[in-house]
2 protein chains.
Amino acid sequence: MSDVLSSTRSQILDAAEGLFARKGYDATTIKEIGRASGVNPALLYYYFAGKEDLYKAVLQRLFDTILSQGGAVLDGSVPPAEAIRRLLALQAEWLLARPNSYRLLVREMVDHDARHAQEVMLQMAAGPFQLLCRVIEQGQQSGAFRTDLEPRFAAVSTIAQVVYFFVFRPAVGIFFGQGPAGGADQTARDFARHAGEFALSALSPTGKTA
Amino acid sequence: MSDVLSSTRSQILDAAEGLFARKGYDATTIKEIGRASGVNPALLYYYFAGKEDLYKAVLQRLFDTILSQGGAVLDGSVPPAEAIRRLLALQAEWLLARPNSYRLLVREMVDHDARHAQEVMLQMAAGPFQLLCRVIEQGQQSGAFRTDLEPRFAAVSTIAQVVYFFVFRPAVGIFFGQGPAGGADQTARDFARHAGEFALSALSPTGKTA
DNA sequence: GTCTATAGGTGGATAGAC
DNA sequence: GTCTATCCACCTATAGAC
């Protein structure tokens with residue numbers, strides 16, 4: 001602990017986050033993390049119990065910041081429609097700024113059935129997801145949203161769009177004729193705006209976007 | 001070729017598909033494929049040029065069948081709204097019956113930026129995806145769908161819901177309080193029906209589901 | 001706290017008998 | 001077509017000097 005929060009430890013976490021996100025857990029080697037962080041590979045075992053412990057620490061650190069900023073936009077102080085617009089815009093900015101997050105999360109789903117991220121997912125369930133469901137229910141009770149949609153299903157449909165866009169960006173890029181790179185960041189922002197209108201149109205009893 | 005299509009070759013492909021889908025490309029070993037298929041590991045190099053060649057063959061075989069059945073439901077012989085309902089129901093049945101497909105596809109996105117699946121994605125872009133865009137445009141021109149949504153964006157929002165539900169099933173299961181297993185298959189079918197209504201409500205100028 | 005060296009195990013791929 | 005045996009590279013993790 002020569003630094004405020006042990007600079008060496010942070011360097012290892014930074015490098016590991018990028019490598020785990022890009023290459024996956026199994027394909028990432030200790031020596032690579034050492035090389036990428038500029039830290040001797042053996043030091044990893046000084047700061048962490050092993051490779052898996054490091055992996056869990058990476059997940060924890062990344063999603064701590066998500067959860068801390070998460071529910072702010074859904075706190076009930078804005079009308080439901082505006083809350084949903086802001087949520088999807090925030091989703092896009094967040095995913096643009098932290099491409100590691102959705103890559104790690106997707107890998108965690110298919111590699112380990114979310115086993116290592118179970119705690120974080122429980123916090124998401126009790127936090128942002130439940131808040132979104134409440135926002136939708138609130139809109140339904142006030143007459144702003146149609147009442148024949150199941151709130152939890154509607155919440156999943158709402159958040160699915162932008163996440164899908166990012167995860168399948170290579171495919172979407174090909175679908176849009178932009179190649180596997182998937183177009184500029186502005187395309188993602190444009191899509192997020194569209195996704196907000198799409199969700200609000202789906203939720204609205206009149207088809208107008210409230 | 002002692003069999004119609006070389007039974008040994010098929011056995012290798014079957015075992016490799018399951019292992020690549022469950023564990024990923026890197027984590028799957030040649031010896032495991034041999035064990036799971038009941039074929040001597042060295043024979044893999046008789047039938048395929050190597051591990052990567054086998055992987056591409058797996059992708060090709062799996063998505064050949066997708067594409068052959070793909071556009072049938074979108075061929076323009078049914079009204080746009082009904083075509084979209086059928087598409088999402090088909091999507092759910094397809095993903096339920098072939099869990100390897102979305103796992104492999106998602107891995108291909110994050111592991112290789114869809115590099116190995118580029119041909120298949122190009123066929124999807126020129127086939128089912130373009131047909132869905134046409135269906136949406138057709139609905140817009142006939143007045144059944146609102147015209148202020150970009151057809152390609154709307155197509156992505158439409159197909160995103162069910163795919164997200166499957167890929168993030170462990171997370172959705174936790175969100176729904178069903179645990180990481182993600183509930184019964186009927187939940188997926190219920191969600192697919194919801195997704196159809198959600199998309200049609202979003203597309204409809206009146207908010208009714210046509 | 002940081003390093004070198006290495007143990008112990010497993011990976012993909014090949015040679016060559018049958 | 002199928003098998004055994006094996007090469008060589010690389011992995012995680014540890015021992016121990018500094």
Side-chain angles (χ1 to χ4, degrees), chain A residues 1-61 104 107-108 110-112 115-116, chain B residues 1-61 103-104 107-108 110-112 115-117:
Chain A
M1 286 241 228
S2 59
D3 211 328
V4 182
L5 260 166
S6 175
S7 145
T8 301
R9 190 187 151 94
S10 300
Q11 282 167 22
I12 293 172
L13 281 169
D14 290 341
E17 179 183 306
L19 286 167
F20 284 146
R22 282 199 302 278
K23 309 185 43 171
Y25 179 78
D26 291 302
T28 299
T29 71
I30 302 291
K31 286 171 186 167
E32 263 177 329
I33 296 172
R35 213 180 309 130
S37 59
V39 170
N40 189 292
L43 271 180
L44 194 146
Y45 294 92
Y46 177 79
Y47 287 101
F48 302 94
K51 191 185 179 185
E52 183 169 334
D53 183 54
L54 168 61
Y55 176 66
K56 284 185 183 172
V58 164
L59 281 177
Q60 194 61 49
R61 188 184 67 155
L104 273 171
R107 289 189 185 284
E108 195 40 36
V110 296
D111 285 341
H112 315 118
R115 230 166 294 130
H116 297 298
Chain B
M1 287 238 227
S2 59
D3 212 327
V4 184
L5 259 166
S6 175
S7 144
T8 301
R9 190 185 150 94
S10 301
Q11 283 167 22
I12 294 172
L13 282 169
D14 290 339
E17 181 184 302
L19 286 168
F20 285 146
R22 282 199 302 277
K23 310 187 40 171
Y25 178 77
D26 290 302
T28 300
T29 71
I30 302 292
K31 286 165 188 167
E32 263 178 328
I33 296 172
R35 211 179 311 132
S37 61
V39 171
N40 189 293
L43 271 180
L44 194 146
Y45 295 91
Y46 177 80
Y47 287 101
F48 302 94
K51 191 184 178 185
E52 183 170 334
D53 184 54
L54 167 60
Y55 177 65
K56 284 186 184 172
V58 164
L59 281 176
Q60 194 62 47
R61 188 184 67 155
R103 287 177 172 267
L104 274 170
R107 289 188 186 284
E108 193 43 36
V110 295
D111 285 340
H112 315 118
R115 229 167 294 129
H116 297 298

- Would you mind reading off the distance between A:Y55 atom OH and D:dT12 atom C1', rounded to a whole angstrom? 18 Å
- Please work out if A:L43 contacts a base, only the sugar-phosphate, or nothing of the nucleic acid, heavy-atom cut-off 4.0 Å. base
- Query: How long is the line joining OH of B:Y45 and P of C:dT14, in whole Å?
  - Reply: 7 Å
- Query: Quick one: A:D53 CG to D:dT12 C1', roughly how many Å, whole number?
  - Reply: 15 Å
- Interatomic distance where CD1 belongs to B:I12 and P belongs to C:dA13 [whole Å]: 14 Å
- Message: On DNA chain D, compare the nucleotides closest to A:E32 and A:A42; which residue's is nearer the 5' end?
- Response: A:E32
- Task: Indicate yes or no: at least one non-hydrogen side-chain atom of A:K31 is less than 4.5 angstrom from one of A:L44.
- Result: no
- Task: Starting from P on C:dT10, measure out to CD1 on B:I30 and report it in whole angstrom.
- Result: 17 Å
- Task: Indicate yes or no: does A:D26 engage A:K51 in a salt bridge with an N to O separation below 4.0 Å.
- Result: no
- Query: Does A:T8 have a side-chain nitrogen or oxygen under 4.0 Å from the phosphate oxygens OP1 or OP2 of C:dG1?
  - Reply: no
- Note on the structure: Whole-Å distance, B:Y46 OH to C:dC18 P, equals 19 Å
- Message: Under a plain distance cut-off of 3.5 Å, with no hydrogens placed, do B:Y55 and B:E108 share a side-chain donor-acceptor pair?
- Response: yes
- Item | Any side-chain heavy-atom pair of B:I30 and B:Y45 under 4.5 Å | yes
- Query: Which of these nucleotides, D:dT4, D:dC11, C:dT4, is closest to any side-chain atom of A:T29?
  - Reply: D:dC11
- Measure the distance from NZ on A:K51 to P on D:dT14 and round it to the nearest whole Å. 14 Å
- note: B:N40, atom CG; C:dA13, atom P; distance rounded to Å ~ 15 Å
- Task: By nearest nucleotide on DNA chain C, pick out whichever of A:V39 and A:K31 is the more 5' one.
- Result: A:V39
